[in-house]
Structures are given as C-alpha cells and as structure tokens.
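Residue indices begin at 1 and follow the sequence shown.
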Amino acid sequence: MRGWVNDPHSGGVKIPEQVKQRTKQRILAYAEKHYAGKYIRIDVRFKGYFCYIDAYKEPFLPDNDDLSMFKITRSEYIESQEYTNSSVSIAVQRE
C-alpha cells in the first residue's frame with residue numbers, strides 16, 4: 001500500500017515567516033549543542049519550500065613538508081582552499 005508523501009514540487013503552501021524564524025533558531029541551537037567546535041559558521045536559508053543549511057569549517061592544513069611536494073607556500077594553499085562547505089537541503093513540514 002502506497003503512503004502519502006508531501007511533494008514540494010506539486011504545489012503546497014509557502015513557509016510562513018514565523019515558521020522560518022523558529023526553524024532557523026532550532027537548527028542553530030541544535031548545531032551549537034551537538035556540533036560546537038566542528039564548524040566556524042552556519043548559514044540557514046529558505047528558498048521556496050526548502051530549507052538549506054550550509055556549515056562552514058576551516059580547511060585542512062597540511063604541514064610544510066607536504067606542501068613542498070606541490071611547490072606551493074602555506075599561504076597559497078590557504079588562499080586556494082578558502083572555506084570548505086558542507087551543504088544540506090531539507091523540506092520543512094508544517095507541524
């Protein structure tokens with residue numbers, strides 16, 4: 001038997017501003033409680049019926065011996081990496 005599935009591509013109701021704010025607060029509080037120190041910044045944004053969460057962390061920095069193999073300096077490596085990003089998108093369901 002096939003169950004009901006909420007498909008955001010088939011219409012629906014836009015996410016109200018209050019729900020967006022509450023969802024963002026809950027996500028940030030959860031990340032702070034469970035993942036503190038594992039990221040430097042979290043962005044939460046909404047587009048249409050979806051909520052996108054981007055967690056940024058510092059790039060891995062190899063020691064100078066490893067960098068000498070690639071013939072680049074430490075500052076060149078850092079500049080080439082900037083921030084690494086782990087992105088997740090979720091559909092927000094009404095409570």
Side-chain angles (χ1 to χ4, degrees):
M1 182 170 148
R2 187 172 173 194
W4 179 82
V5 177
N6 184 9
D7 181 9
H9 301 292
S10 64
V13 179
K14 285 207 177 247
I15 302 170
E17 195 60 38
Q18 289 179 331
V19 174
K20 288 180 185 180
Q21 291 303 317
R22 188 173 67 233
T23 301
K24 182 176 181 176
Q25 290 171 351
R26 289 176 63 199
I27 289 168
L28 294 175
Y30 187 89
E32 183 63 32
K33 182 177 179 182
H34 296 281
Y35 299 103
K38 296 184 179 184
Y39 61 90
I40 57 170
R41 184 178 93 227
I42 291 186
D43 289 335
V44 179
R45 58 191 161 82
F46 296 85
K47 186 172 182 182
Y49 307 104
F50 293 98
C51 173
Y52 296 90
I53 304 167
D54 296 313
Y56 296 88
K57 58 183 182 177
E58 291 287 347
F60 168 74
L61 296 176
D63 58 14
N64 288 331
D65 294 336
D66 293 337
L67 291 175
S68 65
M69 291 189 309
F70 299 109
K71 298 181 180 172
I72 61 173
T73 65
R74 185 176 180 86
S75 60
E76 289 172 332
Y77 179 81
I78 291 171
E79 188 176 309
S80 72
Q81 297 298 306
E82 284 303 313
Y83 290 108
T84 56
N85 168 334
S86 301
S87 184
V88 176
S89 65
I90 59 171
V92 177
Q93 294 185 354
R94 295 177 74 186
E95 293 182 42

Greater than 12 external heavy atoms within 6.0 Å of Lys20's NZ = yes
Cys51 versus Ile27: any side-chain heavy-atom pair under 4.5 Å?
-> yes
Contact summary for Lys57 and Lys38, nearest pair of heavy atoms = CB-O, 3.8 Å
Interatomic spacing from CD in Glu17 to CZ in Phe46 - rounded to 0.5 Å | 8.5 Å
For Lys24, the option from Ile53, Val19, Val44, Ile42 that meets side chain to side chain contact (heavy atoms under 4.5 Å, CB included) | Val44
Salt bridge flag under 4.0 Å for residues Arg45 and Asp43 | no
